[in-house]
Amino acid sequence: MPVESDFLVLGSGIAGLTCALECARAGRVVLVTKDRLPESSSQYAQGGIASVWSPEDSFESHIEDTLRAGAGLCHRDAVEVVVREGPDRVRDLIALGTNFDLRGDPEDRDYDLGREGGHSKRRILHALDATGHEVIRALSERVRATPNIVIHEAHLAVDLLLDRRGNPPVCWGAYVLDRSTREVHRFVARATFLCTGGAGKVYLYTSNPDVATGDGVAMAYRAGAAIANMEFFQFHPTCLYHPAAKSFLVTEALRGEGAILRRPDGEPFMARYDARAELAPRDIVARAIDNEMKVHGYDCVLLDISHRDPEFVRTRFPTVHRTCLRFGIDITRQPIPVVPAAHYACGGVVADLHGTTALPRLYACGEVACTGLHGANRLASNSLLEALVFAHRAAAAAGERLRRDREALPDVRPWDPGHATDSDESVVVTQNWDEIRRFMWNYVGIVRSDRRLARARERIALLQDEIRAYYRDVLLTSDLVELRNIATVAELIIASASHRQESRGLHYTIDHPRADPAWAHDTVVRRRGDAMIVATDASHY
Ligand SMILES: Cc1cc2nc3c(=O)[nH]c(=O)nc-3n(C[C@H](O)[C@H](O)[C@H](O)COP(=O)(O)OP(=O)(O)OC[C@H]3O[C@@H](n4cnc5c(N)ncnc54)[C@H](O)[C@@H]3O)c2cc1C
């Protein structure tokens, strides 16, 4: 029997949990998430949430900073909506019980506002260096206590459920793999929310957790939705480099507090790349580290804050201090080995100001979506805010629609496994997975070129053939579903990066090193039959 609901929410990061809570005001919600409830990028967010909060700040200033970071590709309407509605959404979080850090006398306390690169005012609400953990704690406690939300953990959405009689097809939910039984079930709903987060796992080094395999983008692309700006992938300059540490990000606030980047021989290098040295914007620092590593063949560089007072370091950066100690590095005395790592996908499923996508009844919110807020580069700490604002708006739009029309749910065919059998060659999955992540890092990473992109196109075409054939023949596992998705996302990034013949924001290619006004438009990719159509979309400009 299908699992039926008014609203199906896929994902349990800040976007999914917010959607679920808002939708629960209007109807029955089913929340599907592929790991445990809190596991998400959201829960690892360190810096905080940007929001206009202090009387010295203004909406205009936050809007201006966001537009500047976006390098000419932000959609002003999306920026205005996020910035202006942001403070109310942060107040909602506080009302739910989120504890952001306070400062001042006990009688006259206010929120402690951090400042990050690209922000001209202090406007980052935070909970020490573990903001995401605190936000997800508050949201998930409320979600678990809400009676009309049913949670399915360890369930992975495989593909969207579509009624293809119309053009475009209508989305009525998703096929979902129960990871414990390996059965695929039908989850049918009047509105489906893609809140599946980012795709950092498409690269060898990433700050993202294992769940970030771009499933939402891949599912939406297969279903025929428009996908935009996939070439703009943000690389965080400093991720811990240690064989046992999978993806631990070392917050930029360390550099804000005086940490110095050094080569393994101890030599500082940032001043050679930018007058602002360690305080240069994220993309410049990431490119500098990448260059030092490639030119000298280093495996990593060092981030050194050992010259600061140990007590200050321990209290200001408790998470970084504790985590590095677990790997035998005492940051009060030793430098931290770091590499840049894939961090944030600015592109994604095209969604309008209400989270609506090209497919009726399908909404996209959070990192999976491309709303136009970030343009070609994301301003630090704007992504949690974007997820909050658009999850709220999308849920409101879907709730309103449900009140107007509670259409009967369609009959949907059960999942057909065809002639698939159990695989005795899981090595195919691990081999292809490693290969994609490595060539994406080397050919489609921080610095690109026409030749590297051409090599990547050849590699992905071969691998896609192999993965498609394998996918048809074997029974589903979560690893196989994720491999298929990262291959699709890799293909979308390669196609978008190959299309853009300039350097802008996060897309940097040595063959076209400058921005060109003729390319000041989004890149939009769609699927037509089996073909991938890449186009420049000027509709917003
Ligand atoms: C280490 C780190 C630090 C960061 N720091 C900040 C910061 O300080 N400020 C800021 O604004 N941003 C920060 N970011 C970015 C920000 O955290 C993310 O952009 C944001 O949390 C994304 O929220 P989301 O809800 O869209 O996705 P996520 O939080 O990633 O949640 C996605 C959810 O979808 C689930 N899922 C995925 N695929 C499927 C599937 N097929 N089926 C079912 N479930 C699925 C996942 O399990 C997860 O629950 C940081 C990111 C990282 C990784």
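What you see below is based on every heavy atom in this structure, not just the backbone, and it leaves out hydrogens, waters and symmetry mates. Just follow the structure's listing: the first ligand is 1, and inside any ligand the first atom is 1. Since we're looking at a predicted model, the values are computed, not measured. Along the sequence shown, residues carry numbers from 1.
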Ligand 1 contact on D215 by region, counting heavy-atom pairs under 4.0 Å: side chain
Close approach of S381 to ligand 1, heavy atoms, under 4.0 angstrom: yes
From the candidates S42, G366, G13, S478, the one that places a heavy atom nearest atom 23 (O) of ligand 1: S42
E22 bridged to R25 by N-O distance under 4.0 Å: yes
Heavy-atom pair with the smallest gap, counting every atom of F233 and H343: CE2-N, 3.8 Å
Closest candidate by heavy atom, reference atom 6 (C) of ligand 1, pool A199, A45, A157: A45
Per atom 52 (C) of ligand 1, closest listed option by heavy atom (H343, R179, Q234): H343
Ionic contact status for K201 with D210, cut-off 4.0 Å: yes
Part of T196 within contact of ligand 1 (heavy atoms, under 4.0 Å): both
Ring pair (Phe, Tyr, Trp, His ring centres under 6.0 Å) evaluation trace for Y203 with F235: CA-CA 10 Å; Y203 286 101; F235 290 81; 5.1 Å; yes
Minimal non-hydrogen separation, Y344 against S383, with atom names: CE1-CB, 3.4 Å
Proximity to ligand 1 by part of E482, non-hydrogen separation under 4.0 Å: neither
Contact (N/O only, under 3.5 Å) between A15 and ligand 1: yes
Contact with ligand 1 for I49, non-hydrogen, under 4.0 angstrom: no
Option among H155, H152, E4 that satisfies the side-chain contact (heavy atoms from CB on, under 4.5 Å) test with V30: H152
Donor-acceptor contact below 3.5 Å, side chain R182 vs main chain L476: yes
N-O pairing of E482 and K34 below 4.0 Å: yes
Test item: side-chain donor near acceptor, D178 and S180, under 3.5 Å: yes
Within-cut-off N or O pair, G48 and ligand 1, under 3.5 Å: yes
Top protein contact for atom 16 (C) of ligand 1, by heavy-atom distance: S383 OG, 3.8 Å
N or O pair under 3.5 Å between K34 and ligand 1: yes
Ligand-residue contact atoms, ligand 1 with T33, heavy atoms, under 4.0 Å: 35 (C), 43 (C), 44 (N), 47 (O), 49 (O)
C195: numbered ligand 1 atoms lying under 4.0 Å from its heavy atoms: 32 (C), 33 (C), 34 (O)
Derivation and outcome, ring pair (Phe, Tyr, Trp, His ring centres under 6.0 Å), residues Y44 and H133: CA-CA 6 Å; Y44 299 101; H133 187 268; 8.8 Å; no
Close-contact set for ligand 1 against L156 heavy atoms, below 4.0 Å: 41 (N), 42 (N)
Backbone or side-chain N or O of I14 under 3.5 Å from ligand 1 N or O: yes
Qualifying residue, where the test is side-chain contact (heavy atoms from CB on, under 4.5 Å) with L254 and the options are V338, T238, L303: L303
Contact partition for E39 relative to ligand 1, non-hydrogen atoms under 4.0 Å: backbone
Short N or O distance, G47 and ligand 1, threshold 3.5 Å exclusive: yes
Contact atoms of ligand 1, heavy-atom distance to V211 under 4.0 Å: 37 (C), 46 (C), 47 (O)
